[in-house]
Student: 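Pasting a structure here, questions to come.
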Amino acid sequence: MKFPFFTFILFLFVNLGFAQDFIVKNNDDVIRGTIKGTDYFSVYISANDEADVILPAKDVKNFFWNGNSFVSKGFANGKNFEYRFVKLIEMGTVNLYSFGGGTLVPAVKEKKVKFRPSVGIGTGTGGFGGMGMGGGISIGGGRSAEPERPAGAPVVRYFIEKPGTGPLQEVPMKAITDEDKKESVKAILLQKMSDNLSLKAKVESGTEFNSREVIEWVKEYNAAKK
C-alpha cells in the first residue's frame with residue numbers, strides 16, 4: 001500500500017486511533033506490526049508478528065511507535081550525509097525534535113532477520129552538532145544478540161526547524177540548561193519566533209531556557225499560527 005504525502009498520513013493514522021505500530025518506507029510502502037525498538041539509526045519491527053525486519057534510517061521516512069512519531073532526517077557528518085531518526089515533539093510552523101535520551105533497542109531474537117547492521121549510539125563526539133558515535137548498543141553483528149548497555153544513557157539533544165527558512169538547528173537546552181548556553185537558546189528562539197510579539201517578549205525576558213519552557217513556547221507559537 002502506498003501513500004504520497006507521508007507526513008499527513010502519519011498524523012492521520014495517529015488521529016484516527018490506529019494503535020498498531022507502523023513504518024513508512026521511502027517508497028511509501030507501509031509496514032505494520034510490532035516495533036521492538038530503535039537506536040535512532042535503525043528501527044526494528046516484527047512485521048505482523050511474523051518476520052523480524054531491521055530498517056536503517058536512510059530507507060525510512062518515518063514511523064509511529066508507543067504513541068510517538070519518529071522522522072528520518074539527514075545530518076552532515078564531514079563530507080558524508082547520514083540519516084538518523086528524531087522524535088517529533090511539536091509540529092507546525094516551527095518543528096521541534098529530540099534525539100537520544102535512552103537505550104531503546106531490546107535483545108534481538110535469534111530468528112530470521114532480514115537486515116542486521118551493527119550500529120551504535122553513545123556519547124562520543126563528531127558528526128552534526130557533536131552527535132557522533134561512541135560506544136553503545138549494537139543490533140546484531142556480535143557474538144551475542146544481547147545489546148551492550150552503555151555506562152550512561154546518551155544525553156537528549158534537541159533540534160528546531162522552521163521549514164523554508166533553513167536546515168535543522170541544534171538548540172543546546174537541557175532540563176536545566178547550562179548557564180553559558182542560555183544566550184544561544186534565546187538567540188535561536190528569537191530567530192525562529194520573533195514575529196509573534198507577545199512570545200518575543202517572553203523569550204527576551206526569560207531566564208531559565210530549559211527544555212520544558214522552550215517546548216511550551218514552541219507549542220504556543222504554533223497554536224497562534226493555526
Student: Find the distance between CZ (F159) and CD1 (I188) and round it off to the nearest 0.5 Å.
Tutor: 10.5 Å

Student: Which salt bridge (Lys or Arg N to Asp or Glu O under 4.0 Å) pairs, counting each pair once, include a residue from residues 158-169, with sequence neighbours left out?
Tutor: K73-E161, K162-D195

Student: So which atom in Y158 and which in S211 form the shortest heavy-atom distance, rounded to 0.1 Å?
Tutor: OH-CB, 3.6 Å

Student: Would you say V203 and F209 make side-chain contact, with heavy atoms under 4.5 Å?
Tutor: yes

Student: If you apply the rule side chain to side chain contact (heavy atoms under 4.5 Å, CB included), what do you find for V94 with N222, and how did you get there?
Tutor: CA-CA 7 Å; V94 168; N222 285 338; 3.9 Å; yes

Student: Heavy atoms, side chains only, cut-off 4.5 Å: are S72 and K61 in contact?
Tutor: no

Student: Do the two ring centres, one from F81 and one from Y83, sit under 6.0 Å apart?
Tutor: yes

Student: Please examine the side chains of L199 and W217, heavy atoms only from C-beta on, and report whether any two atoms are closer than 4.5 Å.
Tutor: yes

Student: Hey, could you give me the OG/CG distance between S46 and D52, rounded to the nearest 0.5 Å?
Tutor: 4.5 Å

Student: Assert yes or no for the condition that the ring centre distance of F99 to F70 is strictly below 6.0 Å.
Tutor: no

Student: Is any side-chain N of the basic residue among K181 and E179 closer than 4.0 Å to the acidic one's carboxylate O?
Tutor: no

Student: Using 0.5 Å steps for rounding, measure from the OG atom of S205 to the NZ atom of K200.
Tutor: 12.5 Å

Student: Closest approach of V214 and V185, non-hydrogen atoms and distance?
Tutor: CG2-CG1, 4.0 Å

Student: Quick check: closest heavy atoms across I35 and D21, and the distance to 0.1 Å?
Tutor: N-OD2, 2.8 Å

Student: Output the distance between atom CG (L96) and atom CE (M91), rounded to the nearest 0.5 Å.
Tutor: 13.0 Å

Student: Output, in order, the C-alpha distance, side-chain angles, deciding distance and verdict of side chain to side chain contact (heavy atoms under 4.5 Å, CB included) for V218 and M193.
Tutor: CA-CA 8 Å; V218 172; M193 305 188 297; 4.2 Å; yes

Student: To the nearest 0.5 Å, what is the distance between OG1 on T38 and CG on N66?
Tutor: 11.5 Å

Student: Is the distance from the ring center of F63 to that of F85 below 6.0 Å?
Tutor: yes

Student: Whether the side chain of S194 engages the backbone of Q191 through a donor-acceptor N/O pair (distance < 3.5 Å, no angle test) should be reported.
Tutor: no

Student: Using side-chain heavy atoms (C-beta onward) and a distance below 4.5 Å, is N95 in contact with P163?
Tutor: yes

Student: Measure the shortest side-chain to side-chain distance between I31 and K25 over non-hydrogen atoms and say whether it is less than 4.5 angstrom.
Tutor: yes

Student: Can you measure from OG (S184) to CD (Q169) and round to the nearest 0.5 angstrom?
Tutor: 9.5 Å

Student: Check whether I176 and V171 end up in the same hydrophobic cluster, where Ile, Leu, Val, Met, Phe, Trp and Tyr are linked by side-chain heavy atoms less than 4.5 Å apart.
Tutor: no

Student: For the residue pair V60 and V24, establish whether any side-chain heavy-atom pair is separated by less than 4.5 Å.
Tutor: no

Student: Can you tell if the side chain of E216 reaches within under 4.5 Å of the side chain of E220, non-hydrogen atoms only?
Tutor: no

Student: How about NZ on K174, more than 12 heavy atoms from neighbouring residues, nucleotides or ligands closer than 6.0 Å, or not?
Tutor: no

Student: So which of L88, I160, I89 actually passes side-chain contact (heavy atoms from CB on, under 4.5 Å) with Y97?
Tutor: L88

Student: Using distance alone, with no hydrogens and no angle criterion, decide if N27 and D29 have a side-chain donor and acceptor under 3.5 Å apart.
Tutor: yes

Student: N210: what forms a side-chain contact (heavy atoms from CB on, under 4.5 Å) with it, not counting sequence neighbours?
Tutor: T177, E208, R212, E213

Student: Decide whether a cation-pi geometry holds between R84 and F75; the criteria are a distance under 6.0 Å from NZ or CZ to the six-membered ring centre and an angle within 45° of the ring axis.
Tutor: yes

Student: Does a side-chain heavy-atom distance below 4.5 Å link T165 with K192?
Tutor: yes

Student: Which atoms form the tightest heavy-atom contact between S198 and N196, and what is the distance?
Tutor: OG-OD1, 2.9 Å

Student: Short question: side chain of Y40, backbone of G100 - any donor-acceptor pair under 3.5 Å?
Tutor: yes

